[in-house]
Visitor: 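Okay, handing you the structure first.
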Amino acid sequence: NPCENVSCKPGTFEVSVDNYTRRTRGAVPFQVVCRQEGMPDVVYDGTWPANRAKGRLLLVCRHTFTEAREEPGGLAMSAGAAGRAKALAGEWSAKIGEPT
């Protein structure tokens, strides 16, 4: 399944989708998952209509991302997670790039 990842700063954003390549007939179901550290995921389900042309963006939601809440002692990850992040840093940068 196709997937897009986007990083953003705190704020309210409109999330729209486009079906760049139709590979099936009929409506195409999709999900947008808004993930923020320390918060439960928010899932928006949608369907790309069968008769909607590519290039006509479909507004899915308006979502607000808040400032990260700092826990007493600061934000931290486990030693195992930190080691994995360090090991995968090069691959992450090559495939995803740096967040803006």
Visitor: Check the pair H63 / T12 against side-chain contact (heavy atoms from CB on, under 4.5 Å), numbers first and verdict last.
Guide: CA-CA 5 Å; H63 187 83; T12 300; over 6 Å; no
Visitor: Hey, quick one: are V43 and L58 part of the same hydrophobic cluster, counting side-chain heavy atoms closer than 4.5 Å, chains of contacts allowed?
Guide: no
Visitor: So, the side chain of R35 versus the backbone of P40: is there a donor-acceptor pair under 3.5 Å, distance only?
Guide: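 It does not hold such a pair.
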Visitor: How many angstroms lie between atom SG of C61 and atom CG of D45, to the nearest 0.5 angstrom?
Guide: 11.0 Å
Visitor: Through direct or indirect side-chain contacts below 4.5 angstrom among Ile, Leu, Val, Met, Phe, Trp and Tyr, which residues connect to F13?
Guide: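 Besides F13, the hydrophobic cluster comprises F65, listed by chain and residue number.
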Visitor: Restricting to salt bridge (Lys or Arg N to Asp or Glu O under 4.0 Å), what partner residues turn up for R56, sequence neighbours left out?
Guide: none
Visitor: Can you name the closest pair of heavy atoms from V17 and W48 and give their distance?
Guide: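 Taking every non-hydrogen atom into account, O-CZ3, 3.4 Å.
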Visitor: Can you list the residues that meet the salt bridge (Lys or Arg N to Asp or Glu O under 4.0 Å) rule with R62, with sequence neighbours excluded?
Guide: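 So R62 forms a salt bridge (Lys or Arg N to Asp or Glu O under 4.0 Å) with E14.
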Visitor: Is the side chain of D18 donor-acceptor paired with the backbone N or O of G55 at a distance under 3.5 Å, no angle test?
Guide: yes
Visitor: Mind listing the closest non-hydrogen atom pair of T47 and F30 along with its distance?
Guide: N-CE2, 3.4 Å
Visitor: Please report the interatomic distance OH(Y44) to CG(L59), rounded to the nearest 0.5 Å.
Guide: 10.5 Å
Visitor: Please give me the minimum heavy-atom distance between A50 and A27, naming the atom from each residue.
Guide: CB-N, 3.7 Å
Visitor: Short question: side chain of Q36, backbone of T66 - any donor-acceptor pair under 3.5 Å?
Guide: yes
